[in-house]
Amino acid sequence: MAQCLLSVHEFLQDSFIPQVAALCSEEAEKLARKNQLSFCELVRPFCRLSTEVHMRDPNNQLHVIKNLKIVVNSIVTQPPLQAVIRKLLNDVVAANQPAEGLVPNVITAGDYDLNISDRSIKASVPWYNKWKETLTELNTSKYYSATTPWFESYRESFFQCMPASDHEFLNNYLACMLVVSSHEPEPVEQFLKLSQEQHRIQHSTDYSYPKWFTPNTLKYYVLLHDVSGGDEKRADSIYEEMIQRYGTQGCYLLKINSRTSIKGADEQIPDPWSQYIQKNSVHSQDSYEAASTTAIPNKNSDHIVPVDGLENYEKEALSDSLKTHPLDQLSDTGGSFDGLDNGRPPGSTTETKKAVTVTPHGSCLTLTDHDRIRQFVQEFTFRGLIPHVEKTIRQLNDQLISRKGLSRSLLSATKKWFTGGKVPEKSVNELKNTSGLLYPPEAPELQIRKMADLCFLVQHYDLAYSCYHTAKKDFLNDQAMLYAAGALEMAAVSAFLQPGAPRPYPAHYMETAIQTFRDICKNMVLAERCVLLSAEILKSQGKYSESAALLIRLTSEDSDLRSALLLEQAAHCFINMKSPMVRKFAFHMILAGHRFSKAGQKKHALRCYCQAMQVYKGKGWSLAEDHINFTIGRQSVTLRQLDNAVSAFRHILINDSKQPASQQGTFLREYLYVYKNVCQQSPDSPLPQLPLPYINSSETRVFFGHNRRPAEGEKQAATHVSLDQEYDGESSQQWRELEEQVVAVVNRGVLPVNFQPTQYCLSSNSDNSKFPLAVVQEPITVEVSFKNPLKVPLLLTDLSLLWKFQPKDFSRNQNEELKEPISNEKDLLSKEKSFSDVIGTEDISELLINNEETKIARLKLFPQQTGELHILGIVYNLSTIPSANSLDGVAPPNNVPTGKFISNGMSVRGRQDLEIQGPRLNGTKEEKTSIQYGPDRRLDPIITPQMPLLEVFFINFPTGLLCGEIRKAHVEFVNVSKCPLTGLKVVSKRPEFFTFGSNTEARTPLSPAASMNCSAYKTVVTDSTSGCSVLTSSVTPVDFGFGGGHQPEVVDIPLTDSVLAPGASVQLPLWLRGPDEEGVHEINFLFYYESTEKQSQMRHRVLRHTAVICTSKSLNVRATVSRSNALQDEESKGGKMLVFVDVENMNTSEAGVKEFHIVQVSSSSRNWKLQKSVNPAADKDTKLTSRERAKMCFKVVRCNQSSLSAEQSSDKYTFGDIVFGGEQIISSTTPCADFFFRSCLSKFKKKPLPPTNGSLKSAPDESVRLIQKCSEVNLHVIVLWKAYVIEDNKQLIIEGQHHVTLHTIGTEALSFPQKQEQPEMVLLKFGRTEQPAVAVRPSPEQLSNLIKTSLQYPESFNHPFHQKSLCIVPVTLVLSNSSHADVEVIIDLRHKTTGPEALEIHGSFTWLGQTQYKLHLKSHEVFGLKLNACFVHTGIYNLGTPRVFAKLANQVTLFETSQQSSMPALIVINNV
């Protein structure tokens, strides 16, 4: 049980106290009424004696009575009705509420406050920590109180209201005070009248109530004298007369009202009556006769609403106080037991309170009068009551001894009774049900009981126990069960109260008594009294479990209030146990709350549920939590605590509910109904927070800018950024790199320090640490993700963004005064738009979210001024769907107007804040060791001044191309803003895919022939005689955006005057070339532009476009280059090579391609050019159908660059065209040259040369490099083709070009790189291996190209051997220096004799003359060395025996040139 203010002994003593009746004359009552009190109320605060009282027991032993209390009540002749008592108890409980705002008493759950684990719960128990936390929460909860004053008040009132019964005498009157005023004419006669009245009431058969203890009731005569208005001498004389008549022990003169209204008006006199006068009692009729006592008994009367109808009977005077009980009129008031939910105006509470405070009690009494009343009670007890009780006990003892024939005293007799053989007591169930048996008043069994009760009242518990025990046996023998149960009850209490505790508390006596009262006698009131007594005793002994079982056993359906209070006390027993049973506490608090609710005690019900919620919350018992919260919500609505109701219903909705859809629908409707009432009560308050639907704040995305325009016919808008695109981290990084690249180019190769990449769409994946930038008059779209956790659909209407805006002018000085921030919260509350000139808002009128669905909503803002914007949250109406009421099948609650949500659904307006947690910081050590989060500023954009806005449209932009196909499209640039834009550039990682044309010729019109054939190239009709001969032209890469420090990825877009005016548009041609690899290609374009007016906040803007191109196979080109053996040629001038071009048609006709035609082969190089075709076909161009191959051979010669200076010649590229058709495609113009430079040179740049150490270059490295250069060609071959495609029964001509770059002699080059096979996995080796430095040597292939050798001789030679035996043939050895440096050459003519086959190969010939020559060849010098070969026989000889060694002129190392690549020099010697 809960902690009580009284100890168990004080409680038991105060439950049974001597009863004294009071009969007052009208004049005496008037004197008391001067103090707003009746006579009984006047003496009540002084009825506890402050001194000990002594009396002698029947054995003449002195007995001391401590702390004796008596009670004085007016005589009421009608017993109170049970309904009246129930109403009184109900009001007492309702009036006692826990004080709000006070610190609650700390609960003592066993030894919990010290260390719960030491005594009861071991720390190893897995649920120990969780329940310890729960107990801690319960301790500190504002809903929990360790004391229950309402229960104590109930218990006190219950004992006061106990009617006198036939089976006991505890509530019978022991004495009667007859009170007469000294002002009456004949006070003595009035005493006689009152005495006769008392005798008539006691002995007349007309009155069965009240009950009297003995036939000769003690009468005590009291003369009441008013000091302020009476004659004191007369009063003294009357008192003297009374002494003579009644003796000094039978009368008393009580002087009161010493205080006048004038004298001492300011003096503060204590009011001891207030705590007594507010407690209703069935014995205090007068408390209802005056308006001064209309207050409901409550110490905290602020929280109590008066009961309906109470004022109806308060002011009525009682005509005959002795006929009817004053509380009986309660049954006619029509007031329900629900004393809280009524329609009384709030002001009535304060009016009643004022009535109490205006007229204090005891206003005519001084402190001396207080002492006089106290002295009067003491005198009455000492001189009247106690002697009377002592005398009565002696008489009863003598009667019993004489009747029973026992020994002289019961005290000695009890020893025999207890030591003798005991008869086993029969169980209650075996006994015959004779609860209706009544003893006559003079029956000896009742006399024993009367003596026992009298001893108990004067605290003689030993004698009382003996008598009760004796009476119990007699009653059981007679099977008088009501009497037996009463004796058992009091025997148990007496045994407990005996000083020194000679015997243990017989709890089985109480259990038998309770069972008898409840089951046999059917008297729940007496059973309840037993339970209240026994539970308190067991609690005092620490037997909380037994106490709880006892309390729970008496809960029944006949009284909800009693059941609620006992269940609550049982719950406190569970939590006060040695091992606190917290769950049982919570469960029984729920049961108590339910019964409180049925009893109409709404506040107590709410408190019980709140206490239980402390235990159940957060343990995963969601259904229990839902039930408790729902009940708390309902009770709070009834008590008009709407804020609490909203909070409770909110918890039901925001938890992951496992309730069925119908129940969830009920919860939601209740919540909305309560919310609506809250909003109606305070219409001017800020918008409340709504719990539904869930908003996933981290998924919120913010988009700056207009939505993308859809495609119109052949016009396709740039893809840019939209909210429909999914985030791709790799793509995002690419866009960032592109922007950094173009910004660095604009800023002369350096990225600005304050560079902030443009982010149009902010999400949880983007970097939100900086304030994003938005532009005036451009929309801001906020995408919010809603989730409906319920199984019923939600309807949101009138969705708007809630914002706060700080106006700021960025063009002025930074130190300007800040203006007042503006918010649209009031606008949204009243649905006005007074700030639309600052920030325009676009609403969503309706959004339906089905059950357990996630849905996004996109809301827009239109900033009209510059400044700082903060998007705070969303405002919307939350509604149920009208059909939901009929679907879920649950009737609406009784207190909700049904029509409201059947017709149109219940709707409330509220808000949800968008609060986004930033990323967790993990940079510094402090951040790693603690949990810190960075800012997320995606909802706090800075609104900057106007900027230009570019839109890009692609016209006739293809989606599919052949590899290498050239297609012409157009791009339209539109400035849709009010600001001119400039500095338009485009950047892409794939510059080889597109071109806007060269700086010089991009805008020149195409040739007539090209326009006639719809060709993308610039063409010229060729002369038929010039077939297969070269047509040359030369250009510099700078014209096409290469060289001169340009980055090929960043392309300037040519605008007129470099500016695009507001509203203006321009169309530019765009040539595209299909990538060389087949498949799907995503090519990113980033358009960069600036405003003509520089701004501090936003320096540039970008526009993104992703082109998706699907390419299919076309041609595959392979090429090799080799030196020609012929060194002397009139056209070559020191250099000639052969290029072999192998073209294969890889297309398998899936794109509808019939055939390919090779229309032209062009070359491009700084040093070389095509000369002519070696194998011209008869029909000029070469046709290739599917999977066919063609092989072509071309002569290549060095360019004639003598007319150009060295610097110019190094930059000039010479284009040589060999035309196979009738039209020459000028390969040095757009687009052919563009794609050549973009494809070949960009690839060349991507392959950096091996790094060199500048001035530290060693001599061997330099020599190797010079030797390597001899074999380098750097010749680019461009194969231009046409394909005939059938599409929609029409034949179309497609053009294209492929590039092959020949770097070195003898190495095969491809038009696109082959896929490299993955190398086999090898084991990883850890550790660094020191490799010795190896001297760099050139490869044999490179050495063979240093000196080119050729033998000139006749193919056959006739010699008459019969005339001359030696045949001498002149041979010229031609040496050509292929390098750029001077070379020293050594020629050795001696035959190698190392191998056995030497003679076979060389035959028998020798070189005549000098066998070794040393020559010095300058750069590219050709030298002919005259030699003579000598033959002695006819035959075929190989003259290729000379060995040639070469070294650079300034080097020491000698390299031998290899002749393996040369053809055998065969000569035929004939004999003539």
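The figures that follow rest on heavy atoms only: side chains count, while hydrogens, waters and symmetry mates do not.
Inter-residue side-chain proximity for L49 and N67 is flagged as unmet; no heavy-atom pair is nearer than 4.5 Å. Annotation: side chain of F16 is in contact with side chain of L457 (closest heavy-atom distance under 4.5 Å). Looking at heavy atoms from C-beta onward, K539 lies out of side-chain contact with C573 at the 4.5 angstrom threshold. Contact annotation: the side chain of F39 approaches that of E29 to within less than 4.5 Å [non-hydrogen atoms, C-beta and beyond]. The side-chain heavy atoms of V64 and Q459, taken from C-beta on, include no pair separated by under 4.5 Å. For the pair H54 and I65, the minimum side-chain heavy-atom distance is 4.5 Å or more. By the 4.5 Å heavy-atom criterion applied to side chains, Q82 and K87 are not counted as neighbours. Side-chain contact between Y220 and L178 is absent, with no heavy atoms from C-beta onward closer than 4.5 Å.
By the neighbour-count criterion of 12 heavy atoms within 6.0 Å, atom NZ of K391 is sparsely surrounded, having that number or fewer from other residues, nucleotides or ligands. Within 6.0 Å of atom NE2 in H199, 12 or fewer heavy atoms from other residues, nucleotides or ligands are found, so the atom counts as exposed in its surroundings. By the neighbour-count criterion of 12 heavy atoms within 6.0 Å, atom CD of E442 is densely surrounded, having more than that number from other residues, nucleotides or ligands.
Counted by atom type alone, Q399 and Q395 present zero donor-acceptor pairs between their side chains at under 3.5 Å. Counted by atom type alone, S7 and H9 present zero donor-acceptor pairs between their side chains at under 3.5 Å. Remark: the W150 side chain and the E568 side chain contain an N/O donor-acceptor pair separated by less than 3.5 Å.
The two residues L532 and F158 make their nearest non-hydrogen contact at CD1-CD2, 3.7 Å. Between A484 and K472, the closest heavy-atom pair is O-CG, 4.4 Å. Of all heavy-atom pairs between M481 and T516, the closest is O-CG2, 3.6 Å. Between C176 and T217 the shortest heavy-atom distance is N-CG2, 4.0 Å. Taking both residues in full, the closest heavy atoms of P18 and L385 are given as CB-CD2, 4.3 Å, listed atom of the first, atom of the second, then distance. Scanning all heavy atoms of the two residues, the minimum distance from Q13 to K66 falls at OE1-O, 4.5 Å.
At distances below 3.5 Å, at least one donor-acceptor pair connects side-chain atoms of T555 with backbone N or O atoms of I552. Between the side chain of S402 and the main chain of D398, a donor-acceptor pair closer than 3.5 Å is present. D478 places no side-chain N or O within 3.5 Å of a backbone atom of A480 that could act as its donor or acceptor partner. Remark: side-chain polar atoms of N59 are not paired, donor with acceptor, to backbone N or O of Q61 under 3.5 angstrom. No donor-acceptor pair under 3.5 Å is formed between the side chain of S547 and the backbone N or O of K543. Between the side chain of Q198 and the main chain of A21, no donor-acceptor pair closer than 3.5 Å is present. Between the K450 side chain and the F213 main chain, a donor and an acceptor come within less than 3.5 Å of each other. Put simply, the side chain of S563 gets close to the backbone of S559: a donor and an acceptor are under 3.5 Å apart. No donor-acceptor distance shorter than 3.5 angstrom exists from the side chain of N397 to the backbone of I393, with no hydrogens or angles considered. The main-chain N or O of R553 is found under 3.5 Å from a side-chain atom of R518 such that the two form a donor-acceptor pair.
Atom OH of Y246 and atom SG of C251 lie 8.5 Å apart (nearest 0.5 Å). Note that CE of M177 is 11.0 Å distant from CG of N73, once rounded to the nearest 0.5 Å. The CG atom of L194 sits 6.0 Å away from the OG atom of S25 when rounded to the nearest 0.5 Å. We find the OG1-CG distance between T392 and L174 to be 7.5 Å, quoted to the nearest 0.5 Å. To the nearest 0.5 Å, atoms CZ (F517) and CG (L482) are separated by 6.0 Å. Rounding to the nearest 0.5 Å places CG of L565 at 6.0 Å from OH of Y154.
In summary, R44 and E41 do not engage in a salt bridge, as defined by a charged side-chain N under 4.0 Å from a carboxylate O.
For D558, the salt bridge (Lys or Arg N to Asp or Glu O under 4.0 Å) partners are R562, not counting sequence neighbours.
Looking at Q202, Q78, R200 one by one, the single match for side chain to side chain donor-acceptor pair (under 3.5 Å) with Y207 turns out to be R200.
Judged as a salt bridge (Lys or Arg N to Asp or Glu O under 4.0 Å), the pairs with a partner in residues 162-176 (not counting sequence neighbours) are, in order, D166-K211, E168-R449, E168-R529.
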**Verdict with supporting geometry, D560 and R86, salt bridge (charged side-chain N to carboxylate O under 4.0 Å, His left out)** = CA-CA 10 Å; D560 289 314; R86 282 198 297 269; over 6 Å; no
**Prompt:** Yes or no on side chain to side chain donor-acceptor pair (under 3.5 Å) for Q515 and E511, after CA distance, side-chain angles and deciding distance?
**Reply:** CA-CA 6 Å; Q515 194 173 352; E511 290 177 9; over 6 Å; no
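Aromatic pair Y439/Y483: ring centres closer than 6.0 Å. Between H469 and Y465, the gap from one ring centroid to the other is short of 6.0 Å. Checked against the 6.0 Å centroid criterion, the rings of F159 and F11 qualify as a close aromatic pair. Checked against the 6.0 Å centroid threshold, Y252 and F380 do not count as a close aromatic pair.
Ring geometry for F456 against Y461 counts as perpendicular: the plane angle is over 60°, on a 0 to 90° scale with 30° as the lower cut.
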